[in-house]
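Reading through the structure tokens given below for one structure.
In this text the structure is predicted, and so the values were computed from the model without any measurement. Letters go in sequence order (proteins before strands), and every chain restarts at 1.
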Amino acid sequence: MARILITSAIPYINGIKHLGNLVGSQLPADLFARYMRARGHEVLFICATDEHGTPAELAAAKAGKPVDAYCAEMHEVQAEIARGFRLSFDHFGRSSSQRNHRLTQHFAKALDDNGLIREVSEKQVYSIDDGRFLPDRYIEGTCPNCGYTSARGDQCDNCTKQLDPTDLINPRSTISGSTNLEVRETKHLYLMQRSLRDKLEAWIDSKTDWPILTTSIAKKWLNDGDGLQDRGITRDLHWGIPVQKGDQPWPGMEGKVFYVWFDAPIEYIAGTAEWADAKGLDDSAWERWWRTDKGASDVTYYQFMGKDNVPFHTLSFPATILGSGEPWKLVDYLKSFNYLNYDGGQFSTSRGRGVFMDQALSILPSDYWRWWLLSHAPESSDAEFTWENFQASVNKDLADVLGNLVSRVTKFAVSKFGATVPSGGTFGPQEAAVIADLGSRITTYSALMEEMEVRKAAAELRGIWVVGNEYLQSAAPWTVVKTDPDRAQAMVRLALNLIRVYAILSRPFIPDAAAAMMSAMGSDDWTWPEDISAALRTLPVGQAFTVPENLFRKITDEERADWQTRFSGIRV
RNA sequence: GGCUAGGUAGCUCAGCUGGUUAGAGCACGUGACUCAUAAUCACGGGGUCGGGGGUUCGAGUCCCCCCCUCGCCA
């Protein structure tokens with residue numbers, strides 16, 4: 001038994017995420033966690049909400065709520081949706097937790113003690129009416145280059161020329177529209193990533209088994225232009241983790257907070273501490289997952305995220321860990337995903353284009369989405385969601401291949417032999433062939449799951465389902481029963497056992513349907529079928545089973561057309 | 001403009017270090033079966049692997065140029 005730590009990139013608190021966000025991190029992480037648990041490993045799966053920063057403050061203001069209350073509320077909303085998708089987090093934490101405050105301040109002190117923090121004085125635009133410094137993208141004005149009146153502080157969207165906020169003519173705050181702005185001098189802390197560059201590069205170079213997507217992004221940042229840059233880790237904001245050196249004040253930094261990208265990944269650790277707190281365990285319970293001097297040396301740590309998060313997880317966060325000089329666990333395997341596009345374009349949160357997690361659950365159960373998203377996960381390149389493809393995949397794979405298999409087996413069995421596992425006959429060559437076929441397929445499937453080859457694993461699982469239909473078709477118990485009822489009973493017995501085995505194998509992808517299959521077979525034995533021959537003889541003869549409701553319903557053309565128009569833009 | 005990843009059957013995608021007639025699922029056609037959610041199973045048609053050069057006994061797979069998507073960055 002191995003010890004496996006899994007984290008999913010933490011979703012930002014501001015609003016409900018769309019399916020592209022889901023399939024890029026939380027869902028594949030859940031798949032992997034469920035699989036590893038099924039194999040009997042000790043798994044800890046942590047996620048959280050990322051709560052700090054300007055967007056959270058603005059969203060709270062828009063909602064007319066204090067930012068802490070807003071975050072608490074949105075955290076609960078996201079947690080509820082996560083439960084709806086059956087995301088099996090051991091803990092769903094919050095980056096605003098006290099645990100994260102203390103750890104973030106601790107890391108800042110450790111970095112400073114090691115000479116890796118420097119102070120930088122810089123000029124930034126301050127909005128007097130808003131009472132805050134404005135990040136570049138919250139300033140608009142007239143482009144000095146082309147005269148476009150809605151140029152942003154970092155770039156003009158019209159002429160694409162790169163700008164400095166102070167270049168803008170008649171600059172204004174996009175938050176309030178106020179033009180009462182001035183340039184103020186402010187001091188910030190920078191993490192000296194440059195001095196950790198070689199260490200980081202050596203570490204990245206040692207990860208030869210990582211996806212190309214992951215390492216190529218990391219190397220680009222290490223080598224592009226002047227190479228890895230030092231990074232500001234503080235901001236002039238109110239909502240965030242106060243800048244402190246451990247539990248001591250940081251002279252000159254009063255009133256400032258850490259930058260959200262500094263504290264967010266630390267929440268992986270803090271979230272584990274929150275998990276221990278929630279369980280009433282002491283510090284050693286979470287430290288054994290993170291501190292190699294306190295029992296974590298045998299932990300294998302996996303991270304899951306979309307490609308936009310890769311630089312922070314391959315460079316910035318490791319810089320924090322390595323720079324601390326303390327024995328914290330570094331990620332062992334980083335699985336990254338490309339983007340999911342929506343019907344010929346992008347998912348767009350701001351324009352409400354695409355399907356959001358709450359809407360998805362309002363039209364179909366989570367298993368439908370889990371299956372489609374995972375079997376089409378954007379692993380090697382960006383992938384495309386279309387309603388036609390979704391409909392075809394759900395109807396064929398789930399309803400026809402798997403759902404109908406369960407249906408035909410149980411209904412036939414009940415009508416001929418009653419609602420108990422029949423005792424007659426013995427397994428012969430046909431059954432031996434099925435056992436051999438499944439044995440090798442399960443080996444393949446397991447290997448793909450361990451390699452996190454999500455799409456290929458889904459395809460193999462589907463192949464495993466098809467084996468059941470192939471067997472029934474060639475064995476034809478409905479014909480055999482007329483001349484040799486005992487033989488037909490043996491066939492039915494195998495088929496019923498098949499349903500239980502399929503429940504186990506399918507559970508990481510479609511947990512609800514798997515539970516329904518298992519329960520219909522009157523069993524609760526989820527032991528992984530290492531020995532498929534024995535696994536197909538597990539249900540006791542005479543044990544009662546039930547005919548489950550159809551596991552999956554089909555999506556009609558009318559529904560598809562309706563959804564297609566409903567989710568084409570403008571979220572209602 | 002720089003960079004990453006892609007451009008393979010109607011659609012969604014596999015094809016590791018170059019090697020027999022380029023694969024899967026869906027869709028389509030034909031047949032079988034009738035237990036089942038008009039489900040299933042078998043067989044079949046369909047691709048000059050974005051374009052053009054080159055290296056090689058041999059290239060979808062390596063090199064060069066060009067075109068086109070997606071994304072990132074400046």
Worksheet entry | Nearest-Å distance once atom C1' is located in both C28(B) and C3(B) | 42 Å
Fill in: Ring centres under 6.0 angstrom apart (Phe385(A), Tyr342(A))
yes
Practice prompt. Would you indicate whether the side-chain heavy atoms of Met452(A) and Pro28(A) approach each other to under 4.5 Å?
Written response: no
Practice prompt. Starting from P on A24(B), measure out to NE2 on His376(A) and report it in whole angstrom.
Written response: 17 Å
Discussion item. Please identify which of these residues, Glu558(A), Arg566(A), Arg560(A), meets the side chain to side chain contact (heavy atoms under 4.5 Å, CB included) condition with Asp562(A).
Written reply: Arg566(A)
Practice prompt. Could you tell me the separation between the CZ atom of Arg231(A) and the C1' atom of C73(B), rounded to a whole number of Å?
Written response: 13 Å
Discussion item. Let me spell it out: for each of Ala413(A) and Ala392(A), pick the nucleotide of RNA chain B with the closest heavy atom. Which residue's pick is nearer the 5' end?
Written reply: Ala392(A)
Worksheet item: With the threshold set at 4.0 Å, does a side-chain nitrogen-carboxylate oxygen contact exist between Asp512(A) and Arg370(A)?
Response: no
Item to complete: Could you measure between the two C1' atoms, the one in G19(B) and the one in G60(B), and give it in whole Å?
Response: 13 Å
Practice prompt. For Leu398(A) and Tyr368(A), work out which heavy atoms get closest and say how close.
Written response: CD1-CA, 4.0 Å
Fill in: Plane angle bin for Phe312(A) and Trp261(A) - parallel if under 30°, tilted between 30 and 60°, otherwise perpendicular
parallel
Worksheet item: Is a donor on one side and an acceptor on the other found under 3.5 Å between the side chain of His52(A) and the backbone of Val260(A)?
Response: no
Worksheet item: Say you pick atom C1' in G18(B) and the same atom in U61(B); how far apart are they, in whole Å?
Response: 6 Å
Pairs: protein N or O with nucleotides 37-43 of chain B N or O, under 3.5 Å:
| from | atom 1 | to | atom 2 | distance (Å) |
| --- | --- | --- | --- | --- |
| U37(B) | OP1 | Lys411(A) | NZ | 2.4 |
| U37(B) | N3 | Phe552(A) | O | 2.7 |
| U37(B) | O4 | Leu551(A) | N | 3.4 |
| U37(B) | O4 | Phe552(A) | N | 3.3 |
| U37(B) | O4 | Phe552(A) | O | 3.3 |
| A39(B) | OP1 | Lys554(A) | NZ | 3.0 |
| A39(B) | O5' | Lys554(A) | NZ | 3.0 |
| A39(B) | O2' | Asn404(A) | OD1 | 3.3 |
| A39(B) | O2' | Asn404(A) | ND2 | 2.3 |
| U40(B) | OP1 | Lys396(A) | NZ | 2.8 |
| U40(B) | OP2 | Lys396(A) | NZ | 3.2 |
| U40(B) | O2' | Arg408(A) | NH1 | 3.1 |
| U40(B) | O2' | Gln473(A) | OE1 | 3.0 |
| U40(B) | O2 | Gln473(A) | OE1 | 3.1 |
| U40(B) | O2 | Gln473(A) | NE2 | 3.2 |

Item to complete: Would you check if there is a donor-acceptor pair between the side chains of Trp372(A) and Asn389(A) at a distance under 3.5 Å?
Response: yes
Item to complete: Check the distance between A36(B)'s P and Tyr471(A)'s OH and give it to me in whole angstrom.
Response: 18 Å
Worksheet item: Just how far, in rounded Å, is P of C13(B) from CG of Leu374(A)?
Response: 15 Å
Worksheet item: Between atom CZ in Phe337(A) and atom C1' in C72(B), what is the gap in whole Å?
Response: 19 Å
Response to the item:
The single option from Leu448(A), Val466(A), Leu505(A), Leu402(A) that satisfies side chain to side chain contact (heavy atoms under 4.5 Å, CB included) with Leu461(A) is Leu505(A)
Discussion item. Would you measure the distance from the P atom in U20(B) across to the matching atom in G58(B) and give it in whole Å?
Written reply: 14 Å
Practice prompt. Figure out the CG/P separation between Asp397(A) and C13(B), and round it to whole Å.
Written response: 15 Å
Worksheet item: Side-chain donor-acceptor pair under 3.5 Å between Gln26(A) and Asn21(A), yes or no?
Response: no
Worksheet item: If the P atom of G6(B) is compared with that of A39(B), how far apart are they to the nearest Å?
Response: 37 Å
Item to complete: Please state whether the rings of Phe337(A) and Phe304(A) are parallel, tilted or perpendicular, taking 30° and 60° as the class boundaries.
Response: parallel
Worksheet item: Expressed in angstrom and rounded to an integer, what is the separation of Lys456(A) atom NZ from G23(B) atom C1'?
Response: 12 Å
Worksheet entry | Nearest-nucleotide 5' precedence on RNA chain B, Tyr339(A) against Leu472(A) | Leu472(A)
Discussion item. Taking U21(B) as the reference, what is the distance to C49(B) when you measure between their C1' atoms (whole Å, please)?
Written reply: 16 Å
Discussion item. Please find the pair of heavy atoms, one from Leu364(A) and one from Trp369(A), that lie closest to each other, and give the distance.
Written reply: O-NE1, 3.4 Å
Worksheet, complete the sentence: Expected list for residues 427-443 of chain A near RNA chain B, using heavy atoms below 4.0 Å, is none
Worksheet item: Checking all strands, does Lys416(A) fall into the base, sugar-phosphate, or nothing category for heavy-atom contacts under 4.0 angstrom?
Response: nothing
Item to complete: Rounded to whole angstrom, note down the P distance from C70(B) over to U8(B).
Response: 15 Å
Discussion item. Are the side chains of Thr546(A) and Thr410(A) in contact, using a 4.5 Å heavy-atom criterion?
Written reply: no
Fill in: 5'-to-3' dot-bracket of RNA chain B (Watson-Crick, G-U; under 3.5 angstrom; crossing pairs as [ ]; | other strand)
(((.(((..((((.....[...)))).(((((.......))))).....(((((..]....)))))))).))).
Fill in: Atom-to-atom span, CZ of Arg560(A) to P of A27(B) - whole angstrom
13 Å
Worksheet entry | C43(B) to A59(B) separation - P atoms, rounded to the nearest Å | 32 Å
Worksheet item: Planes under 30° and centres closer than 5.5 Å, is that true for Phe412(A) with the base of C35(B)?
Response: no
